[in-house]
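Take a look at the structure set out below.
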Amino acid sequence: MSIPELPSPLGDGTRLVHAGDDPAVPGTPLRPSPVFAAPYHLGDQPPGWQGADGYARPDNPTLRVFERAVGELDGGDCLSFATGMAAISSAVLAVVRPGDRVVLPSDGYYATRVLARDELERFGVRVDLVATPEIEDVAARGDLDGVRLVLLETPSNPRLEICDIAAVARATSATGAVLAVDNTTASPIGQRPLALGADITIGSDTKALTGHSDVLLGHVSTARTETGRQLHTRIAAWRKTTGNTPGAFEAWLGHRSMGTLDLRLARQAANAAAIVEVLAGHPAVSGVRWPWRPQDPSYALAQRQMLRPNGVVSAEFADEAAVLQLVRSSRFFLAATSFGGVHTTVDRRAQWGGDAVPEGFLRFSCGIEDTADLVADLTQALG
Ligand SMILES: *Cc1c(COP(=O)(O)O)cnc(C)c1O
């Protein structure tokens, strides 16, 4: 009997449910259970005998399965980390040397800028902060002398600016600079930076990939190219030495949670599409951004470069008081930072002091509640 052809490529839901799977073995669980161990029995054999695990920090069975799953989605080789910042700091610090230049987004995740200011400059690395939409121009002008690493964040958090990954990749590959993309906002099924020419894609898996606001995780995936393989070896050595390995329980929880990412993103995006219309139609709200709204300045590039929408939206209210009023008057728009979880949340970014945004700038993360309930709640709360 011949097996009928399966669609190629497989859909996101199928890929997510089966990512990292071993062939079915009777009597074993559908997903391997976590292996809780720091050291493993060596018996009378030397470490590494026939691939046996010896100590969990460099590598362990639960991590390998989770990394295979995330790597499949990214189309690269994954290394998982304790947090998103552990992933970013490792990708940067494992690659740069004193005297190098590094290009980072001036409008991206604020802790990445703190890393640059407080740690990289101390080691003699020159940091150029460039606005996300302008990084493409810097690259196109060939202004990459001495640049060892370009890190993009697209869509950027929190303003949701977009940068053309393939265009920057053409410039970095011409000069030999490494191109890394913080792909947290899009998630591995929303955008594939490695397929667009990046050497490294990074995710804070604290956000949508795990999506339940209950775990910290991050990852780095490297391209399956000569450069990518060298970077992978370097970053794996860095993780082993600095000890940024996630625990087995977190890795297992990450793998368990990602199976529903397709469903969660679909609902979050549907909710965002509806919420954006309410916000854009209200006189108290301005500057609504969602890259999948046809009026958005990033719409054309998002359509070309990204694979699907998500639930992260930004908008401006008059001031802090207007935001507090919204939080008090609504039932489901919970004030909390982070994004990508099942709960709908709002975060007034100015309260953290890291982003150059107005006092009333608000990042919305649409959860998976019913669209009609969110629309009704927001409409009554805005008045
Ligand atoms: C949250 C976030 C990070 C940091 O992730 P943690 O898991 O909190 O360390 C990095 N980049 C972006 C774009 C983020 O949104």
Side-chain angles (χ1 to χ4, degrees), residues 66 70 74 78-93 102 104-120 129 131-132 135 149-163 165 180-188 190-191 193 198 200-221 239 242-247 250-251 253-254 257-258 261 265 268 289 291 298 306 310-314 336-341 345-349 351-352 354-357 361-366:
F66 179 48
V70 178
D74 276 334
C78 172
L79 288 162
S80 186
F81 288 86
T83 66
M85 280 316 298
I88 292 174
S89 59
S90 299
V92 173
L93 290 165
V102 170
L104 298 181
S106 59
D107 51 348
Y109 187 62
Y110 76 102
T112 303
R113 290 194 302 281
V114 175
L115 171 77
R117 188 195 63 206
D118 292 358
E119 313 299 343
L120 289 184
L129 295 175
T132 294
I135 294 182
L149 174 75
V150 176
L151 174 68
L152 308 180
E153 186 182 306
T154 177
S156 64
N157 168 17
R159 284 187 175 274
L160 306 178
E161 299 288 3
I162 287 191
C163 178
I165 298 172
V181 177
D182 183 337
N183 197 38
T184 299
T185 310
S187 92
Q191 182 167 264
I200 296 176
T201 178
I202 305 174
S204 164
D205 302 331
T206 309
K207 313 290 168 53
L209 190 84
T210 59
H212 290 71
S213 309
D214 55 8
V215 60
L216 292 163
L217 274 174
H219 80 272
V220 170
S221 289
R239 185 182 69 179
T242 59
N244 266 325
T245 319
E250 280 72 15
L253 204 50
S257 305
M258 62 190 258
L261 179 60
L265 272 195
Q268 287 168 347
R289 294 294 305 266
S298 297
M306 299 188 68
N310 61 52
V312 188
V313 170
S314 68
T337 193
S338 196
F339 58 87
T345 57
V346 293
D347 190 16
R348 192 177 71 81
R349 290 302 303 169
Q351 71 189 327
W352 303 99
D355 298 330
V357 291
F361 178 92
L362 201 57
R363 184 184 65 210
F364 286 74
S365 174
C366 296

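Counting starts at 1 for both ligands and their atoms, following the listed order. Given the structure is predicted, the values throughout are model-derived calculations rather than measurements. Computed over heavy atoms, backbone and side chain alike; hydrogens, waters and symmetry mates excluded.
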Output, or 'none' if empty, a list of ligand 1-protein atom pairs in which both atoms are N or O and the distance is under 3.5 Å, rounded to 0.1 Å.
residue: ligand 1; atom: 5 (O); partner: Ser204; partner atom: OG; Å: 2.9
residue: ligand 1; atom: 7 (O); partner: Gly84; partner atom: N; Å: 2.8
residue: ligand 1; atom: 7 (O); partner: Ser204; partner atom: OG; Å: 2.9
residue: ligand 1; atom: 7 (O); partner: Thr206; partner atom: OG1; Å: 2.6
residue: ligand 1; atom: 9 (O); partner: Gly84; partner atom: N; Å: 3.1
residue: ligand 1; atom: 9 (O); partner: Met85; partner atom: N; Å: 2.8
residue: ligand 1; atom: 11 (N); partner: Asp182; partner atom: OD2; Å: 2.7
residue: ligand 1; atom: 15 (O); partner: Asn157; partner atom: ND2; Å: 2.9
residue: ligand 1; atom: 15 (O); partner: Lys207; partner atom: NZ; Å: 2.7

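Checking Ser298 against Arg289 by side-chain atom types alone, a donor-acceptor pair falls below 3.5 Å.
Partners of Ala336 according to the side-chain contact (heavy atoms from CB on, under 4.5 Å) rule, which considers only residues two or more places apart in sequence or in another chain, are Thr345. Scanning for salt bridge (charged side-chain N to carboxylate O under 4.0 Å, His left out) contacts around Glu153 gives an empty result, with sequence neighbours left out. Residues meeting the side-chain contact (heavy atoms from CB on, under 4.5 Å) test with Pro158, sequence neighbours left out: Arg349, Asp355, Val357, Phe361, Arg363.
Put simply, the side chain of Ser106 gets close to the backbone of Ala131: a donor and an acceptor are under 3.5 Å apart.
Counting only heavy atoms from C-beta outward, the side chains of Thr185 and Ser156 never approach each other to under 4.5 Å.
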